[in-house]
Each structure stands twice: as structure tokens, then as C-alpha cells.
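Throughout, numbering of the chain's residues begins at 1 and tracks the sequence. Counting convention: from 1, in listed order, for ligands and their atoms alike. Keep in mind it's a predicted model, so treat the numbers as computed, not measured.
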Amino acid sequence: MNRSKSEQLFRRAQELIPGGVNSPVRAFRSVGGNPPFIARGEGSHIFDADGNEYIDYVGSWGPLLLGHRHPAILAALEQALTVGTSFGAPTEQEVEMAAAICEAVPSIEMVRLVNSGTEATMAAIRVARGFTGRDLIIKFEGCYHGHVDSLLVKAGSGLATLGIADTQGVPQAFCDTTVALPYNDAEAVETAFRQHSGRIAAVIVEPVVGNMGCVQPLPGYLEALREITARHGALLIFDEVMTGFRVAFGGAQQRYGIRPDLTTLGKVIGGGLPVGAYGGRRDIMSKVAPAGPIYQAGTLSGNPLAVAAGLAMLRYLKAHPEIYTQLEARATVLCAAVPEGITLNRVGSMFTFFFTGGPVTDYESAKRSDTARFGRFFQAMLERGIYLAPSQFEAAFLSAAHTEEDLRRTVEAAREAFSA
Ligand code: HOZ
């Protein structure tokens, strides 16, 4: 595969942008080689600057549940462009968007739109602190909630990929407000609540983790988090930036039947444009300014282009519930290609192949993966035109645009890559 134009672009990018990329996980640091520069996408395929074609399992890291350039999203964007790109004032569309979110996710009685998942989690923990009058937040090792200072403690995603245990630049005092515990261990949560009695504002969790690779909750775990937080007067925050409208229309909370107090959303709800949201119980969200004393703001929040794309996505998904059944069936076919000795974790259309034989239930077991082997597998797949997330500690995403032929080609490439 000739990628000379991408190589040239990457050399130039590195002179101008730190590491040549605008987000670290894109840089291919843990898998070797340099990233292809993407020129365009269509359905389930992307094309790089040299004209190479790939079947895309990154989907912009989750948002593209309908694939690239879906007609419903494009039509909404074209329409939005005819009226303006930003007003910094209320619009009818954002009320519709709020209604669509609240209807799909019943635990969300009120919602505030922001511009990214990071902003959503940052605001959610502020609201939890403001509402409870407590400072500490429990998070789980290997979970990633965007680059919010205090949530970068023992975080997954790019930090796991690059082997950055705890980033520089975050004051120790911020880290001291975070209690990091192993995922899938309810007893550790119980113990932490005993140790920090009356001081824990919230537990924030990816109900299905995507950021240490895909790791599903063990039976009873989410129920235990719900029960423990309620008993101690703390809030339960589901970070559904990745899982919202992905693992079910109503997210992981619908799939597992748990009602959190607050939820953060992003990715799919933007239809490929930058949107985040946080919302939840009315009594909690009523404390957000200007309705209440907890401040949070944003010049481009509720941006008309982003809202148009997001609303088109949510409306399309509501009108086509069969997408979820189809994704489940196709993901099953795809994942059947996994040979012995590789651990497959899958929930709906998100999945990860871990290069370890044992079960992967938390960050410690995820880290047992042979990342060098993953890197060789990744490169072998890329050479065969299959574009996976360039890290063992990320999930792959299937979209509704992936065809039977895409799956057949992917399975064939995977067989060759595994044996190579
Ligand atoms: N938040 C994404 C999933 N780990 C990665 C996107 C990024 O960090 O660039």
C-alpha cells in the first residue's frame, strides 16, 4: 500500500501540531508506523490522501453509527446552512433536541447541551458536587471521561495507549479529589464509602467501558453501584458518551435497566459534529445556572449545525429501531472470526479483541494483553484495508452502513492477520 502522501503530510504536521495530531490516540504511537491522512468517507469506507480505501471500524471513535455521509444527516446540515452557522441564542431546534434526548433516555428529565464529552463530564461532576455539597468523586481505573483534570487519574484511552499513568499539569490537589477504584469490584466501592464517609459526591462510571478496550459490567455490578450510591446519598453518573444511543437506543441504562441520577452523552448524539450533553433528575438539573447556583456556560453550546446533525441522527434512529437488532446480528458474525487464545469482549456494536487468553474484566486484566502482538495484528489488518482503532485500549465500532460484503472481507483479512 503506497502511503507516500500521508507520510509527507505527517512530516509537515509534526512541525506544526504537537505529535502531528489534534488528539493523541490518532498518532499510531503504540502500533508503529504513521497514520494515514483521511481525505473522505462514504458509508462504511474511508479513503486516505493517497487514494487507499479502508473499511472503517473507528467511525470517528464512535459517533458514526450510521456511517459516513448518511443522507439524513447531510440533508439536515444542508438545511441548517441556509439559516446560519451560530447565533449564541436559543433556537427551536435545541428544544427539539432536548426533547428527543429526554424521551429516549427517561432518567434524563432535563438536559444541557455542550460541545464535547469532556465538557459534559466536567459539568456533571461539578453539578454533583454542587448538589451534594461534597467534594470527592469515585472513578474507575481504565475508565476515561475526557480530559477533565481530576478525571485523568488512572485513566484509559490515550493515557493507557501511551503508558501515561497520570498526566503532568494536573495539580495534586485536584487528584486528591478523585478516588480511583478497580472496575467491576463493588466491594471496593463499599469500602471507599466507609473510608470517606459523608465526603463522596458521586460515582462516575462508563457502564460498558470502551476506553480500556471494551469491558462489560459483570452481572449485578451496576445494580450494586446504584444501591450503594443511593444508600450513601451520593449521585450515580453514567458516562454514556460512548454507549449512549450505541448499545441500545436508550443507552447502557436501557440495556441493563439501571436509572442513574445523571448521564453524560456525546459522540452519537452529534451525528458526527461536536456535541455533548449532560442531564438527569429534574431536582438536580434545576440547580444549573441560570435556574440555580451551579455555573456552566458555552458560546457554541446548542450550535445550530451540530444540533441539526444530532437531531437528524436521533430522529433517524427512533424511526429505525431495527438498526440495533441488525447491528447485534452483524457484530456476532464479525466476532465469530476470533481464534482461540484471543479474548473477545463485545456489547452490541462495540467490541475489542484482547491479545490475552484470560477474561478481561478490569484495567489490570486488560493490561495483560500482549500489545506488541496487537500492534502486528493492527498493521496486518491495515495493510489489508481494515481500519481499526490504533490501540489495544479502545473499542471497535460497527455501523449500520457496514455491509455483508464488508464483514466477509474483514473476516477474511482477520483470518490472514491472525495467522500471520
Ligand atoms: N474519546 C475517544 C475514545 N477513547 C478517543 C478520541 C480521542 O481521544 O481522540
Q) By number and element, which atoms of ligand 1 are closer than 4.0 Å to a non-hydrogen atom of E394? A)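 Those qualifying, in numeric order: 3 (C), 4 (N).
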Q. If you count the non-hydrogen atoms of other residues, nucleotides and ligands that lie under 6.0 Å from NZ in K5, is the total more than 12?
A.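 At most 12 heavy atoms, drawn from other residues, nucleotides or ligands, come within 6.0 Å of this atom.
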Q) Between S23 and ligand 1, does any nitrogen or oxygen pair lie at a separation below 3.5 Å? A) yes
Q) Does an N or O from S157, backbone or side chain, lie closer than 3.5 Å to an N or O of ligand 1? A)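 In this structure, S157 places an N or O atom under 3.5 Å from an N or O of ligand 1.
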Q: Check if H147 has a non-hydrogen atom at a distance under 4.0 Å from any atom of ligand 1.
A: no
Q: Give a yes or no on whether a salt bridge exists between E53 and R409, defined as a side-chain N under 4.0 angstrom from a carboxylate O.
A: no
Q. Does a salt bridge link R315 with E96, judged by any charged N lying under 4.0 Å from a carboxylate O?
A. yes
Looking only at protein heavy atoms, which one is nearest to [atom], and how far off is it?
atom	value
atom 6 (C) of ligand 1	W61 CG, 3.9 Å
atom 4 (N) of ligand 1	N211 OD1, 2.4 Å
atom 2 (C) of ligand 1	K267 NZ, 3.3 Å

Q. For R29, what residues pass the side chain to side chain contact (heavy atoms under 4.5 Å, CB included) criterion, not counting sequence neighbours?
A. A27, L162
Q) Angle class for the F353/F377 ring planes (parallel below 30°, perpendicular above 60°, tilted otherwise)? A) perpendicular
Q: Could you tell me whether the side chain of Q379 reaches within less than 4.5 Å of the side chain of L382, counting heavy atoms only?
A: yes
